[in-house]
Structure formats: C-alpha cells, structure tokens
2 protein chains.
Amino acid sequence: MTKTRTLSDLARHLGLSPATVSRALAQHEQIAVKTRARVAQAAKDLGYVPNRTAQALASGRTGFAGFLLPMRGRGLADPFLGEFVSALTEGFGAKGVELLLSAVPRDGSEDRHLESLITSGRVDGVVVSRIECNDTRIALLLSRGVPFVAHGRLAHDEEGYSWLDTDGEVAFAQAFDLLYQAGHRRFGLLSIDDPLTFREKREAGLRKAYDANGDPALTLRHVSCSRYDAQARAKAVAGILAGPDRPTAILAIADGLALELIAQAQSQGLSVPDDLSIIGFDNIPSAAHVTPGLTTFDACIADSATQLAEMLLARIKAPSSPHDQRLVRPQLVLRGTHGVAPQRAA
Amino acid sequence: MTKTRTLSDLARHLGLSPATVSRALAQHEQIAVKTRARVAQAAKDLGYVPNRTAQALASGRTGFAGFLLPMRGRGLADPFLGEFVSALTEGFGAKGVELLLSAVPRDGSEDRHLESLITSGRVDGVVVSRIECNDTRIALLLSRGVPFVAHGRLAHDEEGYSWLDTDGEVAFAQAFDLLYQAGHRRFGLLSIDDPLTFREKREAGLRKAYDANGDPALTLRHVSCSRYDAQARAKAVAGILAGPDRPTAILAIADGLALELIAQAQSQGLSVPDDLSIIGFDNIPSAAHVTPGLTTFDACIADSATQLAEMLLARIKAPSSPHDQRLVRPQLVLRGTHGVAPQRAA
DNA sequence: AATTATTTTGCAAGCGCTTTAACTAGTTCC
DNA sequence: GGAACTAGTTAAAGCGCTTGCAAAATAATT
C-alpha cells in the first residue's frame, strides 16, 4: 500500500494549519475564497484524498447507509434484489454516500444484527425492507433514534416513521374489477404464509373489492403456502386448481407463484387465459418471457429505491424533520394471462 | 441517538485499563482467560459494542470490502447482480467483513472512482468484475498494493493477480461439438461489441473447435452489436437470421441475446429447435421460463461469488501470499432450444 | 530468600481528521 | 487614538480505539 498523504502533510506544504486546510476543503464560508482555491489546487497536485475513516470518527458521520441482507435458501435471492440495490446505490452515490450491505447469518436474529450494525456506528442510517405486520425493527430503530426509512409499512401503524410502499391494496382491487368485468365469478387467491404486510394489504384489497361487489354468484378460494418450500408451493398450486369448481380467475400474490401456477395449469391441459385467467404482482423479468406473457403489476422497484435513498438522506440531514410517507401506485402491465371468463361447460 | 458506551466506560466499570479490555475483547493470548471472560460478560451486561470506525482508524483495517457498481442505462442492471452481491455479502459476512457498494457516476471514470475508494481508506480490499481485455483497473490496484480479486481475467495476462473466471472457452467448444454432432453445419455466433474478456474467450472457444473440426461444409456467421442499445440488438438478431442460408445453429454470447433471438425467430415463423437450434450462456432465470426452455450454460454465479469472497479475505489476511487463479467449469443445462439439424429444403 | 522467568496489566502515543474557542490583523467609528 | 467590529486563521482538545513498550504481580528456580 503506497503511503498516502495526510491533512497535516498538505497543511505543512501550504504553510497553513490543518484546521484551515480542513475547513478550506469543506468549503467553509469563513475561509477566504482565495485560500480555498489555493488549498484545492495543492490537494489536487499532491494527490491528497482525505481519509474517510478519520473523517467519520471525528465528525460522527460515516457516509454509509446500511441495508441488511437476510441469508435464506441459496439462490433464493429476491428476484429484484439487484435492481433494488443498484438503484439504492445510485441514489446514495449521488450524494457521496455509499451502501453497506450486511449479511444476517442464517441462524442469527435480524434484530440483533441490526442493533449491532447501528450501535457499532458503521452507518448513518439504514433502509429496512420486507416489513412484517408487527415488525420489531421499526420500534428498535425508533428507540435508538437512528435515521431510517422502511420499504413497506406496519399493518396497523403508519405514523411516526418514514416509509414508502407500493399500493398493493389498490392494485388487487383493480385486478378484481378487471376480471369481474371480464365475466369471472369464481376467484382464487394464491398467497403465502409469511406475515409480510404487503401480503396483508394485497389480500385486503381483493377482499374489499370482493365484498363491495356483492354479486351472490361470487366465490373465492384462498390458498396459501410457505414461500421457501417448493413442495408446499406445488401443493398449494395443485390445491387451487383442484376440483370441477376451480376458479376461473386467480390472483397470485407474487409473480413467482403466478409462474408456477401457469406451468401447472398448462401441464394439466388448461389453457391460459381461455380456461383460466391469472394476474400476478411484481413484474419480474421472467413475467415477460413466459408464454403467454404474465399480466401483472409493475412494482416500480428501481424508482422506489431511488426515492427511498433520497428519503433516507433527508432524514440523515434533518433527523427531526416531519416523516415522509409515500404510496407508489403500481402499474398494471397487460399481457396475455387474463381474458374473458370461459363459458360454463353444460 | 442514545448515548453509546465506550471502551473506557467499560474499563472503568471493570477497574481495568482500556488497553486490557481492548485486548481481552480481541481474545489476545496475553490476557488471562479469566479476565477475558469477565470482560466479555461485562460487555454483554452493559451492552457495549465497539465503535467500528474508531477500530478502523486505530488498527488500519476497516472490515469493509468494496465493489463498484457502474451506473448504466436504468433497469439494465446485470441480471445476476442480485445473486452475485448476495453471495458476496454472505461470503464476507461469515468473517465479519461487510460489502461496500459504491456507485460509479454515469459520467465518471471507473478508474478514478476506484482510486478514490482505495486511497480514502474506505475498504480493505476490492473485487472487480466485468474485466475487459486490457483492463486498466488491475494495473492500478497492483500499483497501489491493494488486496483485490478479479471476477474474470485479462485477455493476455493471467499472472500476477488473483482471479476467478468461468471457462467460456471450453463451454463454447462443447456447445459447438454438441451441435455438430446433431448434424448442424451452418453456425451462427451472436455476440456483443464490448471488449470484455469473457466475450473473447467464448468466441475463441467456438473458433478453435470450429477450426479444429475442419469439415469443409462448415460455415460461420458472426454478428455482434452494442449491448446497451436495443435497436442495435434487434438489428443484429435480424441480421443473423437473414437470407436463405441462415445458420441452423446459433450460439449466443449471453442469455439476454438468446432470448431476443428466440422471440425474433419465432415471430418470423421459425420453429425452435426444429428449424433453428440456440444455445446461450449464463442461465438467467428467464431462460427456464421461455418456451421452449433455453439450452444454456450455468455460470454458477453464486458459487463464484462465494469463492471470490473467500479469495479476497485470504489476500487481505496475507497480502503477499501466492496468487490464486481459478477456472470454473460452467454446467451445460439442456433444455429445449437445441435439436438435430433440419433437413435441407430441396 | 534472593533471583529469574513468566504472566498480567497499564501508560501513553498515536490513527487522521473535525471543531470549539480563542487569537491576530485589518477596518471602521466617534 | 482607542474602542468595537469583522474577517481570516490557528491551537488544542478530542472522536474511540489499538498497540509497542514497560511496569507490576505472580510463579518458578536455585
């Protein structure tokens, strides 16, 4: 490692004190403009780059934002983790902040990990995602006074913290209406077990639209499964398709499930969308590549991440500013898995 | 932010000096085992967590590994960025190191960014990926003496640094042989323009197998395009499919192109694989979801990332240890886009 | 019991920067 | 001409930890 120059080296070289050089570099008003320019030039000439660790220790700000990555089954990485992380990184990068990714060990508690991340002073703030209905992380962060933003929200508390969520409630209601208009009466909901808020919201959206409709012919078959268990998923998919009175329209809580559903339906001779309409959620890349293309909602991941980065930066800068809550309207992407309800066989 | 305890607080509480406590926490041999236990217990009781910034400044090691994310066209994030980053994070996390993601601004130079990342002392080492034939980053890192590992390698220099690469050369030769055995004689290579080494290696693999074969009936149509320009890609795909003597077997340098090729071929009435065999590379998730499923090579991204993390940690620990060079054999995934050569129309 | 070896602990000097409070010049004002 | 300012600069005290070296305490040796 080649020896790097320190602030004192630069100060000595300039015949100034370290204090002045530090302030000059930071563009403090109180330093003469001429001096600032002289310092900047010398810094460039000497190739001086401030040591960020020392800056962090002295100033109390690290210039890092944290994000925890729970380690689940291998290869089961969130399909838009790349997009999300990439947009976050860019959003922070624009303001000179970098993203610190921290792995939560498989057997470890996410809360504990989060706590150590913040009390060890590695980050200026964090973004938490995959919020659960009664997520304890939010209370933890609040009690620690650490700037944070949530991607998603609590089920019954949307106050007192900053969050950004995609409006699954509206989306699923919209999906229901679309399919109802197309003549469907027998509905299915293919969901997951986890207590994630987004699941609850989406389900609620469907339920509300369903209840509000009031058509007595309406039926709803609700099947859910564990997300990380392939066998359970297959069983759930089979379950929702079973019997002569199976649904003609199914909403899947996420595209991954929708894809499995399509495959399974097709393999048992059903035509999508002639016999069965399917609408997913997320718009993962594969949704465009299956045949027929999956009709789904685009979750606008990159855009959400960009906004989250901006929101977190704002909180770090002004920790007591009013909280910011944003609901992103997901965009319906019409492809080929929805259609008019099949004629009832005689 | 609740006040956090410092090492001195803990030392005072224990009636020991900070030095002893520091060493005890670090499990130094010279501290009595009994004292170590006492300190550990007190630390737990008081909820003491060392400040990592201070540790970094004092010890010279940050506990961070860096990875640069060049910001290209929005949404064009590398399809396995998520998988890669996730596996890297886990690999580092196992040893208490975290991954720092730094965004290279769209208009900025990656070299300069990398240089500032390392001279500012934010990281103990870096992993660089998407190595180009004459990548300047490697020389830069070497000259700075920073521990690093490359995902990929230089075209003409595989010595003097640590790298891990997927063996695209062998893979493409294998793909050629497979298709030749199936009767194909008119080959196509759909590639990209960028001077990335992996492209060169894969192309070379095909060329070598092609030249070694020597069958005079063999033809090879080579078309390439810019990777980030959808129009150029479409044109390239059209080009490789044009004319009555179009190839019956095409190797695509990456799955993304293969997918576009399938779509285009099908839309002009060609049957895959009856009229046209296609083999890709990478095994992105969508490869399994298109119809027919794409025959391709699995690049083993997660496994590579895990190994890279391990390699970098080894270099950080022993910067002058011998370099480690690893070639990962990609696995051929046989799905539905390859088949026997079509009978020549009379 | 005196001496030497060994184990345990502490002093103090940083790591490279930020920041408070104070200090020095140069102006202005009455 | 000295008080009262203003602008520009600096001394010095950390930020919370690590670590080389030395001291103190304890154990082993003769």
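Per chain, numbering begins at 1; letters A, B, ... match sequence-line order. Note that these values count all heavy atoms, side chains included, but never hydrogens, waters or copies made by symmetry.
- Of the candidate nucleotides C:dT8, D:dT10, D:dT9, C:dT8 has the atom lying nearest to any side-chain atom of B:Ala32.
- Taking the six-membered ring where the residue is Trp, the centroids of A:Phe84 and A:His151 are separated by under 6.0 Å.
- OP1 or OP2 of C:dG16 has not a single side-chain nitrogen or oxygen of A:Tyr48 nearer than 4.0 Å.
- Checking C:dG16, C:dT9, C:dG14 against every side-chain atom of A:Asn51, the shortest atom distance belongs to C:dG16.
- We find that A:Arg130 and A:Glu110 are not joined by a salt bridge, their nearest charged nitrogen and carboxylate oxygen being 4.0 Å or further apart.
- Projected onto DNA chain C by closest heavy-atom contact, A:Leu7 and B:Ile31 fall at different nucleotides, the more 5' of which corresponds to B:Ile31.
- Distance CZ (B:Arg38) to P (C:dT8): 13 Å, rounded to an integer number of Å.
- Counting to the nearest Å, the C1' atom of D:dG16 and the CG atom of B:Leu10 are 13 Å from each other.
- Within a 6.0 Å sphere centred on CG of A:Asp157, heavy atoms belonging to other residues, nucleotides or ligands number more than 12.
- In this structure, the CD atom of A:Glu29 is 17 Å from the P atom of D:dT6, given to the nearest Å.
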Test side chain to side chain contact (heavy atoms under 4.5 Å, CB included) on A:Asp165 and A:Gln325 and set out the steps. CA-CA 8 Å; A:Asp165 202 0; A:Gln325 282 118 9; over 6 Å; no
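- For the pair B:Thr6 and D:dG16, the criterion of a side-chain N or O lying under 4.0 Å from OP1 or OP2 is not met.
- Comparing B:Gln30 and B:Ser59 against DNA chain D, the residue whose closest nucleotide sits nearer the 5' end is B:Ser59.
- A donor-acceptor contact under 3.5 Å links the side chain of A:Arg23 to the base of C:dT20.
- Here D:dC15 presents its P atom at 17 Å from CZ of A:Arg61, a figure rounded to the nearest Å.
- In this structure, B:Thr53 reaches neither bases nor backbone, as no heavy-atom distance under 4.0 Å exists between it and the strands shown.
- Across the protein-nucleic acid pair, B:Leu57 atom CG and D:dT18 atom C1' stand 10 Å apart, rounded to whole Å.
- Within 4.0 Å of A:Ala19, counting heavy atoms only, lies at least one base atom of the nucleic acid.
- The 12-atom threshold is exceeded at CZ of A:Arg326, counting heavy atoms of other residues, nucleotides or ligands nearer than 6.0 Å.
- Contact annotation: A:Thr20 reaches the phosphate of D:dT10 (side-chain N/O to OP1 or OP2, under 4.0 Å).
- OP1 or OP2 of C:dT18 lies within a sub-4.0 Å distance of a side-chain N or O belonging to A:Ser22.
- For A:Leu14 and D:dT10, the CG to C1' distance is 15 Å, given to the nearest whole Å.
- The separation between B:Lys34 atom NZ and D:dT26 atom C1' is 13 Å, rounded to whole Å.
- Between the C1' atom of D:dG16 and the CD atom of A:Gln55 lies a distance of 17 Å, rounded to the nearest Å.
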